[in-house]
2 protein chains.
Amino acid sequence: MNRRSGIESKKRILDAAMVVFSRQGYAKANIREIAKVAGISVGGVYLYFKNKEELYLSFIKDGMNDMMRKTEMIVESHRSPIRALYDFLKVHINSAIKHRELILVHVRELGFTFALEHKRQYMRNQLRLVEKIIDRGIRTGEFRRCNVKEVAKIIMGTVRSVMLSMAMDKDVIVTTKGLHDLILNGLLRNNNQLADNRR
Amino acid sequence: MNRRSGIESKKRILDAAMVVFSRQGYAKANIREIAKVAGISVGGVYLYFKNKEELYLSFIKDGMNDMMRKTEMIVESHRSPIRALYDFLKVHINSAIKHRELILVHVRELGFTFALEHKRQYMRNQLRLVEKIIDRGIRTGEFRRCNVKEVAKIIMGTVRSVMLSMAMDKDVIVTTKGLHDLILNGLLRNNNQLADNRR
DNA sequence: TCTATACCTGAACGTCTGTTCATGTGAATT
DNA sequence: AATTCACATGAACAGACGTTCAGGTATAGA
């Protein structure tokens, strides 16, 4: 027998779940394999998690909470909206590099009814943060007047999918600077190009 | 017995596959249900498709081919890059409205090894089209000089995720015009706002 | 040493899955 | 009427899955 503290076992299982779920997706992943990767018996998994669903939810939530904390801090603490946007983008791009697997799981399991509400809530919150940045930018005069809700959706969409592209394909690397620049200045030629000298 | 032409049966099965795969994802979807929705027996499905995998591939490919045809036409035929970009965005947004389910399947099954190569190929092709538009725009002087490959990735990413947002949530509606405008002009205030008078 | 507690095991159960196949049937052809 | 052929069926098979549970073992305290 392999003796460990309960806390360590639970952590092991969560780590293993991350590996297996991201490799296989929820439906294809199976408890036997998660147990094997964790170095624990099948029954052992059920000591710490009621069932497969709860295990899945548990580690999905961890990731979302972490991101919420980081991004909220940025939006609350920063003065310049341009800089806040930059940092907001940076957190997401860094997370894409660091947690490729987690992102793939997120996206892949979009349709799951039982995790859906949490994910929607998370997306709504992130959207709210972007709206906040844009609102402030318009008030300070740095950003142009626009349909805040629509623009926020587009930006948040861009961020999500840049993350996805990077998670899917290791060779795809989008720099925070490049993304920030495009969002601020657009494609057209005769726009000002001062954005990277962040004020 | 329910007698039909082979062609009609095959079409029925493909339609049913679309419904069931998009509701459940590949792994969770099962042949019995696809058969039921198609109004055909379980064995009947195997008359037209070697196995579940081939059935899945078959209908995924149909959708991708359709999009490739439409977008290629736009990029080849148009003179103004600004207009080409607009039409390119429009095709994608319209497709998001029309084929919500298909998009969800696409995204959800990202990790499947057997469909992966086709999807990657599709994404590469779409990327090439965007690069073509940008390249031409820079040559005509309409677009500013930029890292074409990176910008294309970001734009393509934006498009994908706007589609995804709309597929996930019926209430999310991003207009082609809004997206086009943001891509061209960015967020900053003192940029020119002439893009919507498409030349 | 004994006992209580926390941790762990993996065979066994019931259910669901993709796939096969022996069999059947309507319609066209002879 | 007999034959042929394309289309159709669903019970049966083999394997995989989530979950349970009767039992096992290391450790700490008495």
Side-chain angles (χ1 to χ4, degrees), chain A residues 1-61 105 108-109 111-116, chain B residues 1-61 105 108-109 111-116:
Chain A
M1 203 187 288
N2 232 329
R3 203 140 192 89
R4 275 176 298 275
S5 78
I7 297 164
E8 201 211 322
S9 291
K10 189 163 182 177
K11 192 179 168 338
R12 273 183 182 229
I13 295 167
L14 279 170
D15 288 348
M18 158 92 97
V19 172
V20 177
F21 278 135
S22 53
R23 232 185 356 228
Q24 327 246 42
Y26 179 83
K28 248 188 159 186
N30 69 39
I31 301 287
R32 262 164 267 260
E33 189 170 348
I34 292 174
K36 203 161 99 188
V37 172
I40 277 185
S41 68
V42 193
V45 174
Y46 286 87
L47 245 43
Y48 300 98
F49 299 93
K50 209 172 91 241
N51 52 32
K52 190 183 176 187
E53 189 174 313
E54 197 198 87
L55 173 56
Y56 175 71
L57 262 178
S58 186
F59 102 101
I60 279 287
K61 278 190 200 163
V105 180
R108 208 145 33 182
E109 248 60 68
F112 268 131
T113 39
F114 62 83
L116 200 64
Chain B
M1 202 188 292
N2 231 328
R3 203 138 193 89
R4 274 177 300 274
S5 79
I7 297 166
E8 201 211 321
S9 291
K10 189 164 182 176
K11 190 176 170 341
R12 271 183 182 230
I13 295 168
L14 279 170
D15 288 348
M18 159 91 98
V19 172
V20 177
F21 277 136
S22 54
R23 224 174 15 215
Q24 327 245 44
Y26 178 84
K28 249 187 157 185
N30 70 350
I31 301 288
R32 262 165 267 260
E33 190 171 347
I34 293 174
K36 202 162 101 189
V37 172
I40 278 185
S41 67
V42 192
V45 174
Y46 286 86
L47 247 42
Y48 300 97
F49 299 92
K50 209 173 91 242
N51 51 33
K52 191 182 176 187
E53 188 173 316
E54 198 197 87
L55 172 57
Y56 176 71
L57 263 177
S58 187
F59 102 101
I60 279 287
K61 279 190 199 165
V105 181
R108 206 145 36 182
E109 247 60 68
F112 269 132
T113 39
F114 62 82
L116 201 63

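What you see below is based on every heavy atom in this structure, not just the backbone, and it leaves out hydrogens, waters and symmetry mates. Quick note on labels: first sequence line is chain A, next is B, and so on, each numbered from 1.
If you measure from atom CD1 of Ile7(B) to atom P of dA6(D), you get 14 Å, rounded to the nearest angstrom. Protein atom CD1 of Ile40(A) is 21 Å distant from nucleotide atom P of dG24(D), rounded to whole Å. Distance Glu33(A) CD to dG18(D) P: 10 Å, rounded to the nearest Å. When the P atom of dC17(D) is taken as reference, atom CD1 of Ile34(A) falls 11 Å away, rounded to whole Å. Counting to the nearest Å, the C1' atom of dT9(D) and the OH atom of Tyr48(B) are 12 Å from each other. As rounded to whole Å, 13 Å separates atom P of dG10(D) from atom NZ of Lys36(B).
Put simply, Ser9(A) has no side-chain N or O that comes within less than 4.0 Å of OP1 or OP2 on dC7(C).
Remark: Asn30(A) pairs with no residue by the side chain to side chain donor-acceptor pair (under 3.5 Å) rule, at least two apart or across chains. Checked against salt bridge (Lys or Arg N to Asp or Glu O under 4.0 Å), Lys11(B) has the following partners two or more places apart in sequence or in another chain: Asp15(B). Judged as a side chain to side chain donor-acceptor pair (under 3.5 Å), and not counting sequence neighbours, Lys61(A) has no contacts.
Rounded to the nearest 0.5 Å, atoms CD1 (Ile40(B)) and CG (Leu47(B)) are 8.5 Å apart.
Applying the side chain to side chain donor-acceptor pair (under 3.5 Å) definition to pairs two or more places apart or across chains, none involves residues 37-49 of chain A. Listed by first then second residue, pairs satisfying salt bridge (Lys or Arg N to Asp or Glu O under 4.0 Å) with a partner in residues 47-60 of chain B number zero, not counting sequence neighbours.
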Exercise. At under 4.0 Å between heavy atoms, which parts of nucleotides 18-23 of chain C does protein reach? Answer with one letter per nucleotide, 5' to 3': B base, S sugar-phosphate only, - none.
Key: BBB---

